[in-house]
Amino acid sequence: MAMAVRGGRIAPGGGSGLRNFFSYRIFVSAMLTLLFLATFSVLFSSQPSHPDSIIGNAYVHRTFLSLQSDPLKTRLDLIYNQANNHIALLNAYSSYARRLKIEISRQLKMFDNLAKNFSDLQLKETYRKVLFESDGPVDEDVLRQFEKEVKDKVKIARLMIVESKESYDNQFKIQKLKDTIFAVNELLLKAKKSGAFTSMIAAKSTPKSLHCLAMRLMEERIAHPEKYIDDEPKTEFEDPRLYHYAIFSDNVIAISVVVNSIVKNAEEPWKHVIHIVTDRMNLAATKVWFRMRPVQGGAHIEIKSVDEFKFLDSSYAPVFKQLKSVSLRKFYFENRAENATKDVNNMKYRNPKYLSMLNHLRFYLPEMYPNLRKILFLDDDTVVQKDLTSLWSVDMDGKVNGAVDTCFGSFRRYAEYLNFSHPLVKEKFNPRACAWAFGMNMFDLDAWRQQKCTEQYHYWQELNEDRMLWQLGTLPAGLVTFYSSTKLLDKSWHVFGLGINPSISMDDINRAAVIHFSGDMKPWLDIAMNNYKHLWTKYVDNEMEFVQMCNFGM
């Protein structure tokens, strides 16, 4: 019992320790203030001693002309900025110190009150007389009541100590900060995974308006079959003296925009031949579109299905063979939300379009058009802004592929697209080699045939069946196929990234012959970038009745 009493009487000493701690904080604040004043004095006393230059604001606010003529202006600016930076720093610490002072004062008052409560409890007349000053036996009921009150106050004291521990225990602060950072990182990773999956769904799903357009065109074809009998092939389709384009897509509105932009910007549209290849499902709709809305200026349009190229089967094309692989189909076609949590960085690769034959058709251009010598390949998310005929006269230097390079600094080089931990990739390619863009490519088909590039593509595509060489669809396949056979074109021919990069210079865009909405935010989607979308919509045929009926929202 005597020990309990002594413990109670020592409690006020704890309040004295806190006062000493508080006094120490005041001393530290005062020293910081003196240090700041001394630094400020030294900084400005090192300036020229002319009276007009060392008088406070008169020195700092010299006129613009005098600063321009002063050879020490640079030094002055440096010192002045340094002083201002330290003023801001000291103000920040001062603000924190004031908040800390208020918090410490609150805690100090709480601790003093609690220590006083302990002392007052011992000095309470009932307890003092019965428990501490009486020579007789201890009253058990009074002792029990005293014990209860002491335990209640001890409980409060412990809660207060736990609450204030963070203010005094740096290790506790560090651990709490680490826990917070870990929790925030977990939330960030979860948000990234969810965002990657939802972004993929938004970007790759067929919009209602696009589906509506295809259905309307098919309805027209079924209702009036006599209007849409196929014409005989034109001789222009195989004339190597004309300007030939290849567009492979299942998106009717996108195809029409590319075609319109080519024709409207061509100086002699009758010399241009546009070869469109689509899938079986969209073949009829595409033919109906161009029969209802024929191109102007005499340009020639050839529309085919990929099924019409009979040489493309599983015995010849590796992609057809790989489509039969159960593991590959599972990887590309099972795009479930739980898969997004496994590897958020690779979600963009898990898309069936990378095994679509339309996507890989570009590697068979010489076989598809055996009588042509050159052809310009355009993606369906491109827009032509200028006459392109001069591209056919570019000296290819014996190369097969004419393309614009995409690298800047250490970015977009081969190392980003290929797995250089694989010994074959490491042996054959330079990781620092500059990548180039698929989307606008001039192909010299004669050089292609001579250098047997299709065979090279087959070789690499078969090796990559297990996705150990690369993961992303056709660009890495093109990089390895045309590794030493690519002629780099001037960047003004092709500006890309309008579907992913919101900060492309409008001057670069306006100078470009072809702009490319590469990225997920395609111009026909609701998620398209509004600052670029008008560059695409101005080539949409808004007078076409089905476009109006399907509410494209242009």
Side-chain angles (χ1 to χ4, degrees), residues 1-41 84-134 138-184 187:
M1 183 63 64
M3 290 179 64
V5 173
R6 290 190 196 99
R9 288 174 179 171
I10 291 172
S16 176
L18 286 172
R19 290 191 188 93
N20 292 336
F21 178 80
F22 180 54
S23 300
Y24 171 76
R25 288 302 180 97
I26 296 175
F27 171 76
V28 170
S29 298
M31 290 302 294
L32 284 173
T33 304
L34 289 174
L35 179 61
F36 161 69
L37 293 175
T39 303
F40 211 77
S41 174
N84 280 337
N85 290 339
H86 281 78
I87 290 173
L89 183 63
L90 289 169
N91 284 337
Y93 273 99
S94 175
S95 176
Y96 177 75
R98 280 194 293 272
R99 291 198 300 271
L100 189 62
K101 176 182 177 182
I102 294 171
E103 178 64 19
I104 290 176
S105 297
R106 184 184 68 84
Q107 292 178 359
L108 183 63
K109 186 175 181 180
M110 288 168 52
F111 291 144
D112 276 347
N113 289 339
L114 188 59
K116 187 175 184 301
N117 288 339
F118 272 109
S119 298
D120 292 344
L121 184 62
Q122 299 171 55
L123 298 175
K124 194 174 181 180
E125 186 175 359
T126 304
Y127 298 145
R128 181 171 53 81
K129 289 182 178 180
V130 175
L131 299 177
F132 305 127
E133 296 180 357
S134 173
V138 175
D139 189 324
E140 185 176 355
D141 292 335
V142 176
L143 176 61
R144 189 179 293 112
Q145 179 64 29
F146 178 74
E147 183 181 23
K148 180 179 181 302
E149 289 194 44
V150 169
K151 286 184 177 180
D152 288 343
K153 295 189 185 305
V154 168
K155 183 178 180 181
I156 295 173
R158 286 176 176 172
L159 289 174
M160 289 175 58
I161 291 170
V162 170
E163 181 184 353
S164 60
K165 184 178 181 181
E166 185 180 349
S167 300
Y168 302 101
D169 189 340
N170 287 335
Q171 189 63 36
F172 181 80
K173 285 184 178 181
I174 292 170
Q175 188 58 49
K176 186 174 181 180
L177 182 59
K178 285 182 177 179
D179 293 342
T180 302
I181 292 172
F182 179 78
V184 170
L187 291 174

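All values below come from the heavy atoms of this structure, side chains included, with hydrogens, waters and symmetry mates left out. This is a predicted model, so every value here is computed, not measured. Residue numbers start at 1 and run along the sequence shown.
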- Residues forming a side-chain contact (heavy atoms from CB on, under 4.5 Å) with Ile181, sequence neighbours excluded: Leu177, Asn185
- Note on the structure: Distance col, row Glu147:CD vs Asp152:CG, nearest 0.5 angstrom, shows 10.5 Å
- Once you round to the nearest 0.5 Å, how far does CZ of Arg98 lie from CD1 of Ile102? 8.5 Å
- Message: Going by side-chain contact (heavy atoms from CB on, under 4.5 Å), name the residues that satisfy it together with Glu149, two or more places apart in sequence or in a different chain.
- Response: Leu121, Lys124, Tyr127, Gln145
- Going through the distances and angles, do Arg144 and Asp141 end up as a side chain to side chain contact (heavy atoms under 4.5 Å, CB included)? CA-CA 5 Å; Arg144 189 179 293 112; Asp141 292 335; 3.2 Å; yes
